Amino acid sequence: MTTSSAIAQWVEENLRVPPSHLQRISKRYDRIDLMIQSKKLMEAVLESIPVGIEVVDANGTVVYINRCFETLSGINRHTRLGKNIFNTNPTGILAQALKSQTGIHDVLTFARESKVGAIGNASAIFSDGKLIGAITALREVSEVIHLARKYAQVIYTPPKLPEQEVPKYNFSDIIGSCRETAETVRLAKKVATSDATVLLEGENGTGKELFAHSIHAGSSRFNKPFLRINCAAIPENLLESELFGYEHGAFTGASKSKAGIFELANEGSLFLDEIGDMSLLLQSKLLRVLQEHEIRRLGGSKTISVDVRIIAATNRDLKQMVVKGAFREDLYYRLNVFSLRIPALRERIDDIEALSHHFIAKHNLRSKKHIEGIETEALDAFYHHRWPGNVRELESVIEYAIIATDNHMIGVNDIKAKIPISQAPKCQTALLTIDEMERRMIERALELFGDSMDGKKQAAAALGISVATLYNKLRKNRLDA
Ligand SMILES: Nc1ncnc2c1ncn2[C@@H]1O[C@H](COP(=O)(O)OP(=O)(O)OP(=O)(O)O)[C@@H](O)[C@H]1O
Ligand SMILES: [Mg+2]
């Protein structure tokens, strides 16, 4: 029996109500029934979805929590309901969304109680233009990753593309928003949409590989193969057969014919990593492919047309190598159609904090820890360190500190085994001394123009000083070695 018919029966049996009144009452209770049913339905839906929901009213009082939220956060709803979010979790995304009356998107959170990583979204709720509360929705990270992979396979990748041919990163993986990074990403996104050959230059660990994958993922070839070969890691003759393939009997051991990486990457992109380490002989063969768009397998006679976009990377100074005769000038100009210099970490110290938090979240997840952040003194040390290993070094320092620390925040004690601790006063965060600034500018000018006689002349002109002054400053900063 429904609520309304039970009420109607009770009214009929106990009160003397004319039938017409009874009908009207019954209709009203039907509506109540509907409301009760839809509320129950709503609750059942919210209880069963695999998304953790927490709702607060306009004052921040928690009014609803579903089962999934309890599981993800490790918080029992009865201990949270009725409490104020500004007391229980004032820095959380729900409090932020309510306070700012906006939406907070895709924030990686890690619940200490449940040891589960989740992606959180929160937004303020309005009714008739009036703020009535805020809602947060949490999804388990592993589930999001699983979904993203599934989605990527369906939408972006033909099912037959093997995993090693799919780019591992895209532009959203590149952390950092300082001027230098933003400009590099802007240019990379531009060149991604063209078919031009790209040369990525930068020190070790600056993110060249990250950019190479992202450029392919952001290109019209995104659903075609992306193949990578490290020219420094493979001996010359092996590299040649890897690049161009071989025909049966081309050399001892070539019992079958094999397609080279150029053929396999057809219609897609080929990432030639550490191109500066390629031998002069292979350089000339590579130049031929770039000019003719065709290859010939080792031991083969027929030419095979290939349509491959080249993304090359190096941490060596190719221009300087050309001067020294170690790199072919014609190949250099072929590769250098669009070169992107990925700045060293010390040139974009404003990214250090964001990168640190990114790596803290990443390694919290891996090591099931809950480090909340990094202390100002430790960040100061980061700002003063020269980071010869760049972002890779920063990640390894954070990874070490997360394992080493006994606290909730990474402090100088947790990093001092890895990097020098600066004696600079706390308030100097992100400031450089004039001498340090001078040294960095000189280094930058030499990186740009090279440290040949001619390069130094251009560097001095760009810095607005005489060549003699430049030499004095090089000596002073011990950069003349
Ligand atoms: N801007 C960034 N945001 C997030 N992670 C980054 C960024 N830059 C680099 N990394 C990470 O730092 C590590 C080193 O980056 P990567 O391998 O792309 O550098 P590389 O320039 O190719 O280095 P190498 O010259 O040694 O080959 C990787 O784990 C990469 O994911
Ligand atoms: Mg690399």
Side-chain angles (χ1 to χ4, degrees), residues 106-108 141 145 148 164 166-189 192 198-218 226-234 239 261 269-278 310-318 320-321 327 335 339-367 374 382-383 385-402 418-419 447:
D106 300 332
V107 176
L108 183 61
V141 171
I145 292 170
Q164 67 270 23
V166 178
K168 281 193 279 181
Y169 312 103
N170 59 46
F171 284 117
S172 63
D173 293 309
I174 299 175
I175 308 292
S177 54
C178 81
R179 206 167 44 81
E180 288 82 353
T181 308
E183 179 59 6
T184 316
V185 171
R186 186 186 74 80
L187 289 171
K189 282 184 175 169
V198 185
L199 176 63
L200 301 167
E201 294 179 292
E203 293 178 13
N204 286 331
T206 44
K208 296 184 293 297
E209 174 136 12
L210 198 60
F211 272 88
H213 286 248
S214 306
I215 288 171
H216 172 78
F226 172 76
L227 286 158
R228 166 184 184 262
I229 193 155
N230 185 334
C231 306
I234 309 176
L239 181 60
I261 207 162
S269 309
L270 175 55
F271 174 34
L272 295 170
D273 205 0
E274 319 277 10
I275 187 94
D277 293 72
M278 189 181 259
I310 302 291
I311 304 170
T314 184
N315 51 26
R316 302 177 68 169
D317 183 347
L318 286 191
Q320 203 48 32
M321 288 178 73
F327 202 84
L335 292 173
S339 70
L340 262 183
R341 189 180 156 276
I342 317 296
L345 188 55
R346 64 183 163 280
E347 293 167 36
R348 43 179 165 131
I349 54 173
D350 287 345
D351 285 344
I352 287 181
E353 191 169 2
L355 280 164
S356 301
H357 284 122
H358 168 73
F359 292 132
I360 289 172
K362 178 173 161 186
H363 291 285
N364 265 342
L365 266 182
R366 282 205 182 151
S367 55
I374 178 158
F382 280 3
Y383 292 140
H385 184 46
R386 288 190 51 74
W387 299 109
N390 292 293
V391 184
R392 184 181 291 114
E393 184 187 356
L394 174 64
E395 177 166 6
S396 103
V397 172
I398 298 273
E399 189 177 358
Y400 170 88
I402 285 183
K418 289 279 176 184
I419 65 163
E447 274 170 18

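This is a predicted model, so every value here is computed, not measured. Both ligands and their constituent atoms are indexed starting at 1 by order of listing. The figures here come from the full heavy-atom set of this structure, side chains too, leaving out hydrogens, waters and symmetry mates.
Each of the following atoms of ligand 1 lies closer than 4.0 Å to a heavy atom of Leu355: 2 (C), 3 (N), 4 (C). Close contacts of ligand 1 with Asp173, meaning ligand atoms under 4.0 Å from a residue heavy atom, involve 3 (N), 4 (C). Heavy-atom proximity to Asn315, at under 4.0 Å, picks out these atoms of ligand 1: 25 (O). Using a 4.0 Å cut-off to heavy atoms of Ile174, the atoms of ligand 1 that qualify are 1 (N), 3 (N). Each of the atoms 29 (O) of ligand 1 lies under 4.0 Å from some heavy atom of Glu395.
Closest protein heavy atom to atom 17 (O) of ligand 1: Arg392 NH2, 3.2 Å. When hydrogens are left out, the protein atom nearest atom 7 (C) of ligand 1 is Leu210 CD2, 3.2 Å; that is the closest non-hydrogen contact. In this structure, the protein non-hydrogen atom closest to atom 22 (O) of ligand 1 is Glu209 N, 3.1 Å. With hydrogens left out, the protein atom closest to atom 1 (N) of ligand 1 is Ile175 O, 3.0 Å, a heavy atom.
Annotation: salt bridge (Lys or Arg N to Asp or Glu O under 4.0 Å) contacts involving residues 173-184, sequence neighbours excluded, comprise Glu183-Arg186.
Within the 4.0 Å cut-off (strictly below), no protein heavy atom is located near atom 30 (C) of ligand 1.
Taking any N or O of Gly207, backbone or side chain, at least one lies under 3.5 Å from an N or O belonging to ligand 1. Considering backbone and side-chain N/O atoms, Phe359 never comes within less than 3.5 Å of an N/O atom of ligand 1. By the 3.5 Å distance cut-off applied to N or O atoms, Lys362 is not counted among the residues near ligand 1. Some N or O of Gly205 is nearer than 3.5 Å to an N or O of ligand 1, by distance alone. Checked by distance only, ligand 1 and Val391 stay at 3.5 Å or farther apart across all their nitrogen or oxygen atoms. An N or O contact shorter than 3.5 Å links Thr206 to ligand 1 by distance. On a distance-only criterion, Lys208 and ligand 1 share at least one N/O pair closer than 3.5 Å.
Between Val391 and Thr206, the shortest heavy-atom contact is CG2-O, 4.2 Å. Scanning all heavy atoms of the two residues, the minimum distance from Gly218 to Phe171 falls at CA-CE1, 4.5 Å. The two residues Arg316 and Gly276 have their closest heavy-atom pair at NH1-O, 3.5 Å. Scanning both residues, Pro167 and Ala217, for their nearest heavy atoms gives CG-CB, 4.0 Å.
Residue Ile275 holds its CD1 atom at 12.0 Å from CD1 of Ile311, rounded to the nearest 0.5 Å. In this structure, the separation between CD on Gln320 and CD on Glu447 is 12.5 Å, given to the nearest 0.5 Å. Note that CG of Leu345 is 8.5 Å distant from CD of Glu393, once rounded to the nearest 0.5 Å.
Ligand 1 is never approached by Asn390 to a heavy-atom distance shorter than 4.0 Å.
Between Arg346 and Glu203 there is a salt bridge, since a side-chain N of the basic residue sits under 4.0 Å from a carboxylate O of the acidic one. Arg366 and Glu399 are not joined by a salt bridge, as no carboxylate oxygen comes within less than 4.0 angstrom of a charged side-chain nitrogen.
When the ring pair (Phe, Tyr, Trp, His ring centres under 6.0 Å) test is applied to Phe271, no partner is found at least two apart in sequence or on another chain.
With no hydrogens or angles considered, a side-chain donor-acceptor pair links Glu395 and His363 at under 3.5 Å.
The proximity of Thr181 to ligand 1, defined as any non-hydrogen pair under 4.0 Å, does not occur for either the backbone or the side chain.
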